[in-house]
Amino acid sequence: MKHYWLMKSEPTSFSIDDLANRRKQIEPWDGVRNYQARNFLQAMQKGDQAFFYHSSCAIPGIAGIVEIIKTAYPDKTAFDPLNHHYDPKSTLNKPKWFCVDVKLVEKFTQLITLETLKKQPYLRSMRLLQKGNRLSVLPIILQEWETILSLIR
DNA sequence: GCCAACGTTGGC
DNA sequence: GCCAACGTTGGC
């Protein structure tokens, strides 16, 4: 069974346009340094889809859809001392952090803004909208997925 | 830039 | 194991 997710990225560091401009429109979703988010990454299966969410920017919101094309494998950025996400506690033998590969499925012609999401009664219980939620990777239930897509379809 | 809400760290 | 201090996230 296919599962749905939401993955956050700050567009100033990596936006949906950056993904669109990648060769094959594929990118490793690395740099996640939170255990809960990591566990969600590890639960992802090939073929799962995720909303690409732009966070910490002028207009936060969902910019499009990506598909998981490679399941979790060790995040190389944790091994690189020069990388901003370097973590000496993650080793080749015992990797602590993981990433998946995503491929662009669709960039929405119009951003589904956080403001819009908040207005939807059916989305009130959505994890993304809960107070204090800071998870950069989180699950979306099918009903929420479809409700969100209905906003632009 | 502010600040609430978390997560992590480290002394005890 | 507790908890204060600190760091980070992310909306505003």
Side-chain angles (χ1 to χ4, degrees), chain A residues 3-22 27-44 48-68 71-102 104-152:
Chain A
H3 289 92
Y4 298 93
W5 309 92
L6 180 141
M7 302 166 91
K8 298 180 187 173
S9 181
E10 297 185 21
T12 49
S13 63
F14 188 74
S15 72
I16 197 159
D17 287 324
D18 294 327
L19 179 59
N21 290 328
R22 285 289 194 269
E27 183 78 0
W29 201 273
D30 54 24
V32 172
R33 296 293 178 266
N34 169 285
Y35 288 110
Q36 233 185 315
R38 181 204 64 184
N39 294 343
F40 286 138
L41 284 178
Q42 291 181 312
M44 289 178 176
D48 284 0
Q49 294 200 327
F51 286 130
F52 191 129
Y53 182 88
H54 282 173
S55 67
S56 293
C57 54
I59 308 173
I62 299 171
I65 296 173
V66 297
E67 183 168 322
I68 313 306
T71 54
Y73 60 99
D75 180 347
K76 290 190 191 74
T77 64
F79 306 139
D80 177 6
L82 297 180
N83 193 286
H84 181 246
H85 296 290
Y86 175 57
D87 182 357
K89 289 180 189 159
S90 186
T91 63
L92 283 168
N93 284 337
K94 234 187 164 189
K96 189 171 150 191
W97 303 115
F98 289 78
C99 61
V100 297
D101 283 354
V102 302
L104 183 65
V105 171
E106 175 184 358
K107 179 193 167 183
F108 297 152
T109 50
Q110 202 184 346
L111 188 79
I112 305 174
T113 66
L114 177 61
E115 191 189 4
T116 299
L117 294 174
K118 282 181 173 171
K119 284 183 191 157
Q120 311 306 318
Y122 287 129
L123 298 178
R124 221 171 278 154
S125 59
M126 212 182 151
R127 205 148 172 176
L128 175 75
L129 303 182
Q130 301 314 305
K131 196 176 177 183
N133 170 66
R134 304 183 310 167
L135 271 183
S136 63
V137 178
L138 44 91
I140 297 270
I141 62 176
L142 180 60
Q143 188 184 3
E144 293 164 349
W145 181 269
E146 288 175 344
T147 300
I148 291 167
L149 282 183
S150 75
L151 300 172
I152 52 155

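A note on names: the letters A, B, ... follow the listed sequences, proteins ahead of strands, and every chain is numbered from 1. It should be emphasised that the depicted structure is a prediction, and the values quoted were computed from it without experimental measurement.
At whole-Å resolution of the value, CG in A/Leu135 and P in B/dA5 are 16 Å apart. Distance A/Asn34 CG to B/dT8 C1': 10 Å, rounded to the nearest Å. Whole-Å rounding puts the A/Tyr53 OH to C/dG10 P distance at 8 Å. Between the P atom of C/dG7 and the NE2 atom of A/His85 lies a distance of 18 Å, rounded to the nearest Å. Computed from coordinates, the A/Gln130 CD to C/dG10 P distance equals 15 Å when rounded to whole Å. In this structure, A/Asn39 places its CG atom 13 Å from P of B/dG7, rounding to the nearest Å. Residue A/Asp87 contributes atom CG, which lies 17 Å from atom P of C/dG7 at whole-angstrom precision. Put simply, CZ on A/Arg33 is 13 Å from P on B/dT8, counting in whole angstrom units.
In the model, A/Thr77 has a side-chain atom that pairs as donor or acceptor with a side-chain atom of A/Asp75 under 3.5 Å.
Aromatic rings of A/Trp5 and A/Phe52 (six-membered ring for Trp) have centroids beyond the 6.0 Å cut-off, not under it.
Judged by distance alone, with hydrogens and angles left aside, A/Arg134 brings a side-chain donor or acceptor within reach of the base of C/dT8, the pair sitting under 3.5 Å.
Checked by atom type and distance alone, the side chain of A/Arg33 pairs as donor or acceptor with a backbone atom of A/His85 at under 3.5 Å. A donor-acceptor distance shorter than 3.5 angstrom exists from the side chain of A/Gln130 to the backbone of A/Ser125, with no hydrogens or angles considered.
The phosphate of B/dA4 (OP1 or OP2) has no side-chain N or O of A/Lys131 nearer than 4.0 angstrom. Contact check, A/Lys8 against C/dG11: no side-chain N or O comes under 4.0 Å of OP1 or OP2. A close approach under 4.0 Å does not occur between any side-chain nitrogen or oxygen of A/Tyr35 and OP1 or OP2 of B/dC6.
Looking at heavy atoms from C-beta onward, A/Phe40 lies out of side-chain contact with A/Leu6 at the 4.5 angstrom threshold.
Taking every heavy atom of residues 116-129 of chain A and every atom of DNA chain B, no pair lies under 4.0 Å.
Between A/Ser15 and A/His54, the shortest heavy-atom contact is CA-NE2, 3.6 Å.
Between A/Asp87 and A/Lys96, at least one side-chain nitrogen of the basic residue sits less than 4.0 Å from a carboxylate oxygen of the acidic one, meeting the salt-bridge criterion.
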